[in-house]
Amino acid sequence: MLDMHFIRENSEAVKKGCRAKNTQTDIDHLLVLDEEKRSLLVQVEEKKHERNSASKEIGVLKREGKDAGDILDKMKKLSDEIKEADEIVVSRGKEIYEIMIRIPNLPHESTPVGKDASFNKEIMSWGEKRTFDFKPKPHDEIGENLDILDIKRASKITGSGYALFKGAGALLERALINLMIDVHVEDHGFKEIAPPFIVNRKSMFGTGQIPKMEEDMYDLEDKKFFLIPTAEVPVTNIHRDEILQEDKLPVRYVAYTPCFRREAGSYGKDTSGITRVHQFDKVELVKFVKPEDSYKEHEELLKCSEKILKILKLPYRVLLLASGDISFAAAKCYDIEVWSPGLDRYLEVSSCSNFEDFQARRANIRFKRKSKNKTEFVHTLNSSGVALPRTFIAILENYQNEDGSVTIPDALIPYMRGMKRIEK
RNA sequence: GGAGAGGUGGCAGAGUGGCUUAAUGCGGCGGUCUCGAAAACCGUUUUGCCGGCAACACCGGCAACGAGGGUUCAAAUCCCUCCCUCUCCGCCA
C-alpha cells in the first residue's frame with residue numbers, strides 16, 4: 001500500500017508508476033474522495049468535540065442533582081447529526097481503501113520501464129554450459145528411468161501438476177533443503193524459521209497476495225484460510241502489527257516450506273515434467289531492514305541466493321525485471337534462472353525482490369529510531385534461496401551421464417548419505 | 001466437538017454507565033545525590049488520524065481498552081455477533 005500523503009503530493013508520479021506496471025487506477029477520483037473525506041472529517045470532529053464537552057457538563061449537573069433536560073435535548077440532536085455525518089466519512093473511507101489496496105507498488109528508478117518480460121535485462125551470467133558428447137535428456141525422462149520421479153502416479157494420487165519423488169529422488173529433495181538452510185544460517189547469518197503452511201486473510205493481505213491474486217491461491221473454509229503460495233507470507237507476517245527496535249535491524253529469516261499455487265490461467269505453459277507444479281518445496285529468505293539500507297541489502301540478498309547455485313555448480317543468469325513483469329508489491333526485482341540443458345533454456349529458480357515499505361504499510365510493520373519519536377515503516381525484501389523443483393531439474397540434466405545415471409554435486413554428497421551417483 | 005474462565009497501555013494489574021479520554025506497580029528514559037555505581041527521591045513514558053505550521057518541533061482536536069455492530073446525551077463498563085488465549089472433558093499424531 002502506498003502512503004496517502006505521498007499520493008496527494010506526487011499524483012503524477014503515482015500515475016506514471018501505475019502505467020509502468022500495466023495497472024489501471026483512477027488516481028484523480030481517489031484524490032477527490034480524499035479531499036471530500038478530510039473536509040467532512042474536520043466538521044465531524046468539531047461536533048464530537050462539542051458533544052464531549054457537553055457530556056462532561058451533563059455529568060456535573062447530574063451529580064449535583066440539577067436538571068439537564070435542555071442540554072440533553074440539544075445533544076440528542078447533535079448526536080444524530082454526528083451519526084449521519086460519520087456514516088458519510090466511513091463510506092468515503094471505504095471507497096478510498098478499496099482503491100488504495102489495489103494500487104501497485106511503484107517501480108524503483110533502476111527498474112527498466114517496459115510492458116512485459118521482453119523488456120527484462122540480463123545483467124550477468126555465471127558458469128559454463130556443459131557441452132555434451134551425447135544428446136542430453138530432459139529431467140522427466142532421466143527421473144522416470146532412474147525411478148526417482150514418478151509423475152504418472154502423482155497424477156493418479158492427485159491430478160496433473162504434481163510430483164512424486166521416490167528413493168534417491170526424495171532424498172535429493174531433502175538434501176537440497178538441508179544444504180540451502182545450512183548455507184543461509186551458517187554463512188549468511190539468517191535465523192531458521194519453520195512457519196505454519198496455512199495462513200489467514202490478514203497475512204495474505206499483508207504481503208499483497210489478496211485481493212489481487214486471490215484466485216491464484218488455494219483456500220480453506222470458504223476463503224478464511226489459505227495454503228501458502230510462498231514462505232514469504234507467514235514469515236513476513238511474523239512481525240505484523242509490531243514495532244521493531246532499531247538495533248534489532250536488519251532481521252533475517254530463512255524458512256523451508258512447501259508452496260501451493262493454483263497457477264490459474266497458465267495451462268499449457270511450462271508444463272514439461274515438473275517445471276510448473278501446484279505444490280513445490282522452496283527455501284525462502286526474508287529480510288526486514290531500515291529504509292536507507294534496503295537497496296544495499298537487496299544486492300546482498302541476491303548474492304545469498306546465487307550462492308546456492310554456485311555451490312551446486314549450476315550455470316545461471318540474473319535478470320533485472322522490467323516494470324511490467326514484476327509483482328504487484330515489488331519495486332525492484334531480480335530473477336535468477338538456472339540452465340536446463342534437457343529443455344535447452346533457462347528456468348526461473350528465484351525472485352529477489354525489494355518491496356520497500358509497501359508490505360510493511362499493509363502489514364503495519366514499523367520500527368522506532370532512538371533519535372526520533374516517530375515510528376517508521378521498515379522495508380521488506382525476500383528472495384528464493386532457492387525453489388526446489390527446477391533446481392532438481394537442473395541437477396538431473398546438468399549432471400546426467402550417458403548411461404542414464406546422475407552424478408551428485410560434491411556439496412550434496414554429505415547430505416545424500418555419501419551417495420556419489422544416482423544409478424538404476 | 002462439549003463445559004467453564006478470560007482478553008485493558010512494553011509487562012503486571014485496578015476499573016460494571018458520567019469526579020477515569022484508564023488508578024497503581026514493574027520496566028524504560030531524563031534528572032538529583034555520588035569519585036563512579038547501587039539504593040532513594042523527582043520528573044517522564046502508547047499509537048493512529050485531522051487541522052494550524054517550514055517542521056517527524058510545538059499548539060489544538062478526534063479516535064483506539066481483542067474485532068465488528070447495537071443501546072445511550074454519554075460505553076473499558078450494558079446487549080448481540082465473531083476472533084483469540086487458558087483450564088477441564090472427549091478425540092487424536
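All chains are named by letter (A, B, ...) in the order of the sequence lines, taking the proteins before the strands, and each is independently numbered beginning at 1. Nothing here was measured: the structure is a model prediction, and the numbers come from that model.
Nucleic acid contact class of R366(A) (heavy atoms, under 4.0 Å, all strands): sugar-phosphate only. Note on K83(A): only backbone sugar-phosphate atoms sit closer than 4.0 angstrom, heavy atoms only; bases stay farther off.
Closest approach to the T375(A) side chain among G48(B), U47(B), A63(B) is made by G48(B) (side chain taken as heavy atoms from C-beta onward). Here U21(B) is the nucleotide among C62(B), C56(B), U21(B) with the atom lying nearest to any side-chain atom of K56(A).
With P as the reference atom, A12(B) and A74(B) are 34 Å apart, rounded to whole Å. U45(B) and G9(B): their C1' atoms are spaced 10 Å apart (whole Å). Atom C1' of G18(B) sits at a distance of 38 Å from the matching atom of A3(B), rounded to the whole Å. Across the P atoms, G28(B) and C84(B) are found 35 Å apart, a figure rounded to whole Å. Spacing between U8(B) and U47(B) at atom C1', rounded to whole Å, works out to 15 Å. The separation of U21(B) from G48(B), taken at their C1' atoms, amounts to 15 Å, rounded to a whole angstrom. Only the P atoms considered, C56(B) is 12 Å distant from C50(B), to the nearest whole Å. Comparing the P positions of A75(B) and G69(B) gives a spacing of 14 Å, expressed to the nearest Å.
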Give me the distances for all protein-to-nucleotides 50-52 of chain B N/O pairs that come in under 3.5 Å?
from: C50(B); atom 1: OP1; to: R8(A); atom 2: NH2; distance (Å): 3.4
from: C50(B); atom 1: OP2; to: H5(A); atom 2: NE2; distance (Å): 3.3
from: G51(B); atom 1: OP1; to: R38(A); atom 2: NH1; distance (Å): 2.9

Show me the protein contacts with nucleotides 73-77 of chain B, counting only N or O atoms at under 3.5 Å.
from: C73(B); atom 1: OP1; to: K76(A); atom 2: NZ; distance (Å): 3.3
from: C73(B); atom 1: OP2; to: K76(A); atom 2: NZ; distance (Å): 2.9
from: C73(B); atom 1: O3'; to: S79(A); atom 2: OG; distance (Å): 3.0
from: A74(B); atom 1: OP1; to: S79(A); atom 2: OG; distance (Å): 2.8
from: A74(B); atom 1: O4'; to: S55(A); atom 2: OG; distance (Å): 3.4

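RNA chain B contains the following stems of three or more consecutive Watson-Crick or G-U pairs, with both distances under 3.5 Å: B:1-7 with B:83-89, B:10-12 with B:24-26, B:27-32 with B:40-45, B:46-52 with B:58-64, B:66-70 with B:78-82.
Taking the six-membered ring for Trp and thresholds of 30 and 60 degrees, Y218(A) and H278(A) have ring planes more than 60 degrees apart, a perpendicular arrangement. Between H184(A) and H188(A), the angle of the ring planes lies from 30° to 60°, which puts this pair in the tilted group. Taking the six-membered ring where the residue is Trp, Y295(A) and H108(A) present parallel rings, their angle staying beneath 30° rather than reaching 60°.
Rounded to a whole Å, the NE2 atom of H239(A) is 17 Å from the P atom of G10(B). The separation between I243(A) atom CD1 and G28(B) atom C1' is 14 Å, rounded to whole Å. With rounding to whole Å, D3(A) atom CG is found 12 Å from C49(B) atom C1'. Rounding to whole angstrom units, CG of residue N364(A) and C1' of A64(B) are separated by 13 Å. Taking atom CZ of R361(A) as the reference point, atom C1' of C49(B) lies 14 Å away to the nearest angstrom. In this structure, the CD atom of E242(A) is 15 Å from the C1' atom of C11(B), given to the nearest Å. Between the CG atom of D86(A) and the P atom of C49(B) there is a distance of 18 Å, rounded to whole Å. Atom CD in E221(A) sits roughly 15 Å away from atom P in C82(B) (whole-Å rounding).
If K224(A) and S53(A) are placed on RNA chain B by their nearest nucleotide, the residue sitting closer to the 5' end is S53(A). Taking for each of V44(A) and K368(A) the nucleotide of RNA chain B with the nearest heavy atom, the 5'-most of the two is the partner of K368(A).
Using a cutoff of 4.0 Å between basic side-chain nitrogens and carboxylate oxygens, D281(A) and R174(A) are not scored as salt-bridged. The pair R276(A)-E263(A) meets the salt-bridge criterion, since a charged nitrogen lies less than 4.0 angstrom from a carboxylate oxygen. Under the 4.0 Å criterion applied to side-chain N and carboxylate O atoms, E81(A) and K74(A) are not assigned as salt-bridge partners. Ionic pairing of K137(A) and E397(A) is not present here: no N-O contact between side-chain nitrogen and carboxylate oxygen is shorter than 4.0 angstrom. At a threshold of 4.0 Å, the pair D187(A)-K307(A) counts as salt-bridged, since one of the basic side-chain nitrogens sits closer than that to a carboxylate oxygen. Ion pairing of E299(A) with K296(A) is absent here, as no side-chain N (NZ or NE/NH1/NH2) approaches a carboxylate O to less than 4.0 Å. With respect to R261(A) and D216(A), no salt bridge is recorded, no charged nitrogen being found less than 4.0 Å from a carboxylate O. Between E246(A) and K368(A) no salt bridge is recorded (no basic side-chain N to carboxylate O distance below 4.0 Å).
The phosphate of U21(B) (OP1 or OP2) has no side-chain N or O of N52(A) nearer than 4.0 angstrom.
Crowding of K56(A) atom NZ: a count of heavy atoms from other residues, nucleotides or ligands under 6.0 Å not exceeding 12.
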**Asked** Given F328(A) and F358(A), is the ring pair (Phe, Tyr, Trp, His ring centres under 6.0 Å) satisfied, shown in steps?
**Response** CA-CA 10 Å; F328(A) 174 71; F358(A) 189 84; 5.4 Å; yes

